[in-house]
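Reading through the structure tokens given below for one structure.
This is a predicted model, so every value here is computed, not measured. Numbers here simply count residues along the sequence, with the first being 1.
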Amino acid sequence: MALPVLLLRPYQRLLVATITSKWSRYSLVMSVRSVRKVGNRFNLTAPGTLASHGVRALQQQQQISPVSSRTVFPPLVAATRRLSTLGGTCGVQESLIEKVGLNGVARMMEVEWSDGGVSRFPYVWLRDNCQCPQCFKPNSRSRLVLMSDLDVNVSPVRVESQARGGLLWVEWSDGHQSQYDWQWLKERCFSPHAMSERERGWQRKTQLWGAEITHNLPRADFPVLLTDDRALYDFLVILDSVGLVLVQNVPCDVGQVERLANRVAFLKQTCSGKEFVVVSKPKRGTDVAYSSVKLGLHTDLNSYNYKPGVSLASYILDKKNVTENINTEGKIAFPGRKLCFIQVQMLHCIEQTKGEGGDNSLVDGFNAAHQLKEENPDAFRLLTTLKVTFRHVGVDYNKYFLLQRQNIIRLNDQDDIQSISYSDQSRTSMLDMPADQVQPFYDALKAFNTIMYLPRNCVRLKMSAGEMMVFDNTRVLHGRSAYSTDSGSRHLQGGYMDWDDVYSRMRVLEMDLGVKE
């Protein structure tokens with residue numbers, strides 16, 4: 001069955017790369033997707049093993065037809081996936097319980113499967129995860145037995161398979177009885193192969209990109225996102241893998257950022273309030289974003305301990321409302337409508353200046369960091385180990401003074417790039433590092449900056465009224481060229497969401513829609 005896809009310009013060819021934890025080698029797996037247009041939307045045909053990312057796995061290399069270089073993206077990078085196994089389980093091949101036995105020495109229950117192979121389950125784990133109503137609340141998936149009440153030395157006294165191998169029945173030494181479904185057991189098997197398969201569920205396929213994406217930006221239709229759950233799910237999947245989606249046909253009114261955010265979860269409130277407005281406010285606004293000067297590439301709110309992850313922003317045609325609602329402190333005073341950026345950032349273009357300037361620059365920070373690692377390993381090491389202090393001081397929703405130390409490039413425990421924190425505007429003069437490290441640190445910072453601004457890496461576009469940019473604030477750096485207020489005003493509304501809430505919505509949609517990885 002054809003699956004609806006929100007992209008107005010579909011990807012025609014993708015390169016999938018599995019990167020080692022040291023970023024030193026990768027193997028390419030070519031993938032292709034075919035689409036057919038239905039009305040004004042595209043449908044994905046013949047979904048394959050990578051359906052959750054809108055990609056059909058290629059069975060034979062000769063199936064790939066020549067494609068223009070404009071449609072080819074840099075490789076997908078396997079990195080830690082914050083989404084994890086969405087439904088809480090992973091698919092397993094049907095295999096009933098053939099035989100069950102007890103290994104008292106190892107304190108393991110051994111289950112032999114009808115398709116061959118044996119799984120071993122520790123006694124204490126089975127008792128701790130009893131699925132009966134006294135031990136487990138299924139609607140919230142919550143354990144009811146507390147550790148203080150668990151006998152960690154409990155042992156089974158009787159065990160057997162029931163329901164023709166579909167159930168494992170256990171009687172414990174304390175008299176309690178438990179039942180376990182075969183699929184539940186197999187999905188939680190402790191074998192190296194099973195654990196490796198589950199580990200894949202934590203892997204996030206991150207599609208790196210550069211300037212070539214300019215002519216093939218992922219796009220979504222605003223009215224469709226508000227009404228179609230499958231389109232919303234596909235939108236979030238692309239946002240997770242690419243980190244950037246341009247939403248079109250957005251009404252040029254205030255409040256559209258919150259409408260989209262409420263379809264996912266809700267906006268996250270920051271020092272700028274629940275929403276924020278970016279408009280030129282000469283001699284009033286405390287933030288440099290409220291001026292018409294050039295803004296360098298940056299991520300937002302690096303001064304937060306838990307930086308917002310998704311950003312939403314748009315332009316609005318409502319000059320009179322903006323002018324009348326700027327108060328004496330330089331704040332935009334829409335009642336109940338304060339704008340801010342967090343992990344997922346949304347920028348809605350309400351009004352765009354007609355003259356020169358005001359163009360947006362967008363850079364995939366993961367792609368730039370990967371290039372830095374390959375070209376200058378010492379610089380990469382310094383930016384992942386030395387911390388800088390970011391500061392944000394001013395008056396908006398209230399008075400604020402935010403201060404936080406961050407690595408410019410942060411890695412996870414697998415040495416994969418996890419997030420980028422970069423902003424010349426908010427980086428302070430305080431450097432907590434030995435004096436002889438300062439020059440090498442600046443050299444590294446300069447090298448990273450140079451890579452980001454290379455034409456091959458930087459996307460430049462000028463948003464139009466009625467467009468909304470949604471991007472990953474932990475990954476995508478954005479900037480703005482200077483503009484003149486003589487040629488008209490520029491009015492954006494924006495807001496943030498957290499990745500936790502985005503992934504939660506994706507899991508719910510996966511279950512409701514029956515999406516299979």
message: Please determine whether side-chain contact (heavy atoms from CB on, under 4.5 Å) holds for the pair Leu244 and Met469, giving the CA-CA distance in whole Å, both sets of side-chain angles, and the decisive distance to 0.1 Å.
response: CA-CA 7 Å; Leu244 173 67; Met469 187 68 71; 3.1 Å; yes

message: If I compare all heavy atoms of Ala444 with all of Leu383, which pair ends up nearest, and what's the gap?
response: O-CD1, 3.8 Å

task: Please check if any side-chain donor atom of Gln162 sits under 3.5 Å from a side-chain acceptor atom of Glu160, or the reverse.
output: yes

statement: In Val159, Asn103, Val100, Leu102, the residue satisfying side-chain contact (heavy atoms from CB on, under 4.5 Å) with Glu110 is Asn103

4.5 Å side-chain heavy-atom contact, Gln437 and Leu382: yes

task: Write down the atom of Ser241, the atom of Arg475, and the distance for their closest heavy-atom approach.
output: O-NH1, 2.9 Å

- request: For Leu232 and Val264, work out which heavy atoms get closest and say how close.
  value: CD1-CG2, 4.1 Å

Trp499 CH2 to Met497 CE distance, which is reported to the nearest 0.5 Å: 8.0 Å

query: Is His478 reaching over with its side chain to a backbone N or O of His298, donor-acceptor style, under 3.5 angstrom?
result: yes

field: Side chain proximity check, His176 to Cys132, heavy atoms < 4.5 angstrom
entry: yes

message: Taking Asp151 first and then Arg127, would you say they form a salt bridge - that is, a charged N and a carboxylate O separated by under 4.0 Å?
response: no

message: Closer than 3.5 angstrom, by distance alone: can the side chain of Ser191 be matched with the main-chain N or O of Cys189 as a donor-acceptor pair?
response: no

- request: Give the C-alpha distance, both sets of side-chain angles, the deciding distance and a yes or no for side-chain contact (heavy atoms from CB on, under 4.5 Å) between Phe121 and Leu168.
  value: CA-CA 12 Å; Phe121 300 98; Leu168 173 65; 5.7 Å; no

- request: Would you sort out whether Leu386 and Val388 count as a side-chain contact (heavy atoms from CB on, under 4.5 Å), showing the intermediate values?
  value: CA-CA 7 Å; Leu386 298 177; Val388 299; over 6 Å; no

NZ on Lys373 to CD1 on Ile451, rounded to 0.5 Å: 12.5 Å

message: So, taking the atom named CZ in Arg507 and the one named OH in Tyr233, what distance separates them when rounded to the nearest 0.5 Å?
response: 11.0 Å

Ile409 vs Leu372 side-chain heavy atoms within contact, under 4.5 Å: yes

message: Are there over 12 heavy-atom neighbours, none belonging to Arg405, within less than 6.0 Å of that residue's CZ?
response: no

- request: Indicate the atoms forming the closest heavy-atom contact of Val470 with Leu260, along with that distance.
  value: CG2-CD2, 4.4 Å

query: Looking only at atom types and distance, does a side-chain atom of Arg410 sit under 3.5 Å from a main-chain N or O of Ser419, one as donor and one as acceptor?
result: no

field: Sub-4.5 Å side-chain heavy-atom contact between Leu225 and Arg263
entry: no

message: Quick one: does any side-chain atom of Thr299 pair with a main-chain N or O of Thr474 as donor and acceptor, under 3.5 Å?
response: no

task: Please assess Asn457 against Gln371 for the test side-chain contact (heavy atoms from CB on, under 4.5 Å), listing each intermediate value before the final yes or no.
output: CA-CA 10 Å; Asn457 292 326; Gln371 294 175 41; 2.9 Å; yes

query: Do the side chain of Thr428 and the main chain of Arg391 share a donor and acceptor less than 3.5 angstrom apart?
result: no

field: From Leu246 atom CG to Met468 atom CE, the distance as rounded to the nearest 0.5 Å
entry: 10.0 Å

- prompt: Closest approach of Ser303 and Gln404, non-hydrogen atoms and distance?
  reply: O-CB, 3.2 Å

message: I'd like to know if the side chain of Tyr180 reaches the main chain of Leu126, judged simply by a donor and an acceptor atom lying under 3.5 Å from each other, with no hydrogens or angles considered.
response: yes

- request: Locate the shortest heavy-atom distance separating Pro218 from Val242; write the atom from each residue and the value.
  value: CG-CG1, 4.0 Å

- prompt: Can you check whether Asp300's main-chain N or O pairs, donor with acceptor, with Asn473's side chain at less than 3.5 Å?
  reply: yes

Charged N-O contact under 4.0 Å between Asp501 and Arg505: no

task: Decide yes or no for Thr384 and Asn407: does some side-chain heavy atom of the first lie under 4.5 Å from some side-chain heavy atom of the second?
output: no

Pairwise distance CD(Gln131) to NZ(Lys137) - rounded to 0.5 angstrom: 14.0 Å

task: Compare all side-chain heavy atoms of Met109 with those of Val170 and state whether any distance is below 4.5 angstrom.
output: yes

- prompt: Asn129 side chain to Trp125 main-chain N or O, any donor-acceptor pair under 3.5 Å?
  reply: yes

query: Is the side chain of Arg158 donor-acceptor paired with the backbone N or O of Trp169 at a distance under 3.5 Å, no angle test?
result: no

query: Are Asp181 and Lys186 ion-paired here, with the side-chain N under 4.0 Å from a carboxylate O?
result: no

message: I'd like to check Leu445 versus Tyr422 (side-chain heavy atoms, cut-off strictly below 4.5 Å). Are they in contact?
response: yes

- request: Check for a donor-acceptor pair, side chain of Asp498 on one end and backbone N or O of Lys268 on the other, with a separation under 3.5 Å.
  value: no

message: Distance check, rounded to the nearest 0.5 Å: Thr206 atom OG1 versus His370 atom NE2?
response: 12.0 Å

Beyond-backbone contact of Phe441 with Thr385, side-chain heavy atoms, under 4.5 angstrom: no

